[in-house]
Amino acid sequence: MARILRCHAKPGRAEDCMALLEGLLQGSRQIPGCVFASLIPPAAEREPHQFVQRFATLQDLARWQESAGHAQWRERLEQMAEVVDAGPIEGLQVWTAPPVPVAVPPKWKLTVVSWMGIFPLVAVSLGLLTPLLQSWPFLARILLVTVLVVSLMSYVVMPRLVRWMGWWLRGK
């Protein structure tokens with residue numbers, strides 16, 4: 001579960017906005033359930049700062065958004081920027097959020113964690129479904145297995161794996 005804030009700094013407030021967002025970035029490590037945060041500075045003067053936070057669950061995100069700390073931070077930010085909240089987003093959208101090369105785990109680690117979820121799902125799906133679907137055409141069987149595996153990976157398995165393996169993904 002993630003959210004992306006797009007912050008257009010008010011005239012003369014770009015540096016203040018960036019400083020506040022950098023403070024939130026550092027503070028995100030203390031937010032319960034926040035597994036990743038990154039700050040994407042604007043590519044050009046009139047473009048927004050983008051702040052990405054990923055949470056282990058929707059409940060973790062909701063707890064943060066309902067907290068006094070969030071309300072204080074949001075009030076300060078809105079004094080210096082126009083804020084557009086593009087979240088929450090989930091499923092495969094979470095894994096395709098704009099990356100920040102410094103903060104994103106290495107691809108090989110993401111590949112290992114993805115495999116840790118895909119391998120057992122494919123093995124169990126094929127083991128359970130093959131006897132039941134022998135009369136189905138090959139492509140229909142593959143369609144069913146891939147829809148099942150992708151859905152479970154996006155909504156059930158990957159969020160848990162990222163939470164459980166976050167210490168390793170982040171190198172801590």
Side-chain angles (χ1 to χ4, degrees), residues 1-114 116-118 150-172:
M1 187 60 52
R3 71 184 261 218
I4 300 173
L5 295 179
R6 290 182 177 86
C7 305
H8 291 271
K10 293 179 180 176
R13 302 299 306 264
E15 288 182 22
D16 295 334
C17 181
M18 186 68 170
L20 183 60
L21 289 170
E22 286 173 349
L24 181 62
L25 178 63
Q26 297 305 316
S28 290
R29 294 185 180 122
Q30 315 315 318
I31 299 171
C34 185
V35 296
F36 175 85
S38 64
L39 177 59
I40 304 168
E45 187 176 324
R46 295 183 185 251
E47 292 186 16
H49 293 79
Q50 294 185 75
F51 186 76
V52 181
Q53 286 178 305
R54 291 184 181 149
F55 289 84
T57 66
L58 180 59
Q59 292 79 16
D60 290 328
L61 172 58
R63 243 187 326 275
W64 164 240
Q65 288 180 314
E66 294 165 3
S67 72
H70 178 269
Q72 292 169 353
W73 170 83
R74 184 72 183 235
E75 182 181 329
R76 287 178 57 204
L77 183 60
E78 288 177 346
Q79 291 172 1
M80 58 189 71
E82 298 296 323
V83 181
V84 176
D85 193 336
I89 55 174
E90 61 182 329
L92 291 177
Q93 296 169 328
V94 173
W95 312 120
T96 59
V100 175
V102 179
V104 174
K107 279 188 179 183
W108 71 269
K109 284 186 175 185
L110 292 172
T111 301
V112 169
V113 172
S114 297
M116 289 171 61
I118 292 171
V150 169
S151 298
L152 287 171
M153 279 296 291
S154 294
Y155 295 101
V156 179
V157 176
M158 199 63 174
R160 285 170 178 78
L161 280 173
V162 168
R163 185 174 57 235
W164 296 334
M165 298 300 294
W167 61 271
W168 182 68
L169 287 169
R170 290 186 304 273
K172 296 178 182 175

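Basis for what follows: all heavy atoms, side chains included, without hydrogens, waters or symmetry-related copies. If you're wondering where the values come from, they're calculated on a predicted model, not measured in any experiment.
C7 and C17 get closest at one heavy-atom pair: CB-SG, 4.2 Å. Closest heavy-atom contact between F55 and I31: CE2-CG2, 3.8 Å. Considering every non-hydrogen atom in both M153 and S114, the closest pair reads CE-O, 3.7 Å.
Under the side-chain contact (heavy atoms from CB on, under 4.5 Å) criterion, H8 pairs with P48, E82, sequence neighbours left out. Annotation: side-chain contact (heavy atoms from CB on, under 4.5 Å) contacts of A14 (sequence neighbours excluded): A9. Applying the side-chain contact (heavy atoms from CB on, under 4.5 Å) rule to Q26 yields the partners R29; only residues at least two apart in sequence or on another chain are considered. With sequence neighbours left out, the side-chain contact (heavy atoms from CB on, under 4.5 Å) criterion links R13 to K10, D16, M80. Judged as a side-chain hydrogen bond (donor to acceptor under 3.5 Å, both in side chains), and not counting sequence neighbours, the contacts of R74 are E78. Legend: residues meeting side-chain hydrogen bond (donor to acceptor under 3.5 Å, both in side chains) with R160, ordered by chain and number and at least two apart, are absent. By the salt bridge (charged side-chain N to carboxylate O under 4.0 Å, His left out) test, R76 is found to be paired with no residue, residues two or more places apart in sequence or in another chain being considered.
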**Prompt:** Can Q50 and L5 be said to form a side-chain contact (heavy atoms from CB on, under 4.5 Å), step by step?
**Reply:** CA-CA 6 Å; Q50 294 185 75; L5 295 179; over 6 Å; no
**Request:** Could you walk me through whether C34 and R54 pass side-chain contact (heavy atoms from CB on, under 4.5 Å), step by step?
**Result:** CA-CA 6 Å; C34 185; R54 291 184 181 149; over 6 Å; no
**Item:** Derivation and outcome, side-chain contact (heavy atoms from CB on, under 4.5 Å), residues V113 and W168
**Value:** CA-CA 10 Å; V113 172; W168 182 68; 3.8 Å; yes
**Request:** Would you check, one step at a time, whether the test side-chain contact (heavy atoms from CB on, under 4.5 Å) holds for Q65 with D85?
**Result:** CA-CA 11 Å; Q65 288 180 314; D85 193 336; 3.7 Å; yes
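In this structure, CG on L77 lies 9.5 Å from NE2 on H49, to the nearest 0.5 angstrom. The CG atom of L21 sits 11.5 Å away from atom CD1 of I40, with the distance rounded to the nearest 0.5 Å. Distance CG/L152 to CE/M158: 13.5 Å, rounded to 0.5 Å.
Counting only heavy atoms from C-beta outward, the side chains of R3 and L61 approach each other to under 4.5 Å. Residues L39 and M18 are in side-chain contact: their nearest non-hydrogen atoms beyond the backbone lie under 4.5 Å apart.
Relative ring orientation between W73 and F51 is described as tilted, the plane-to-plane angle lying within the 30° to 60° band.
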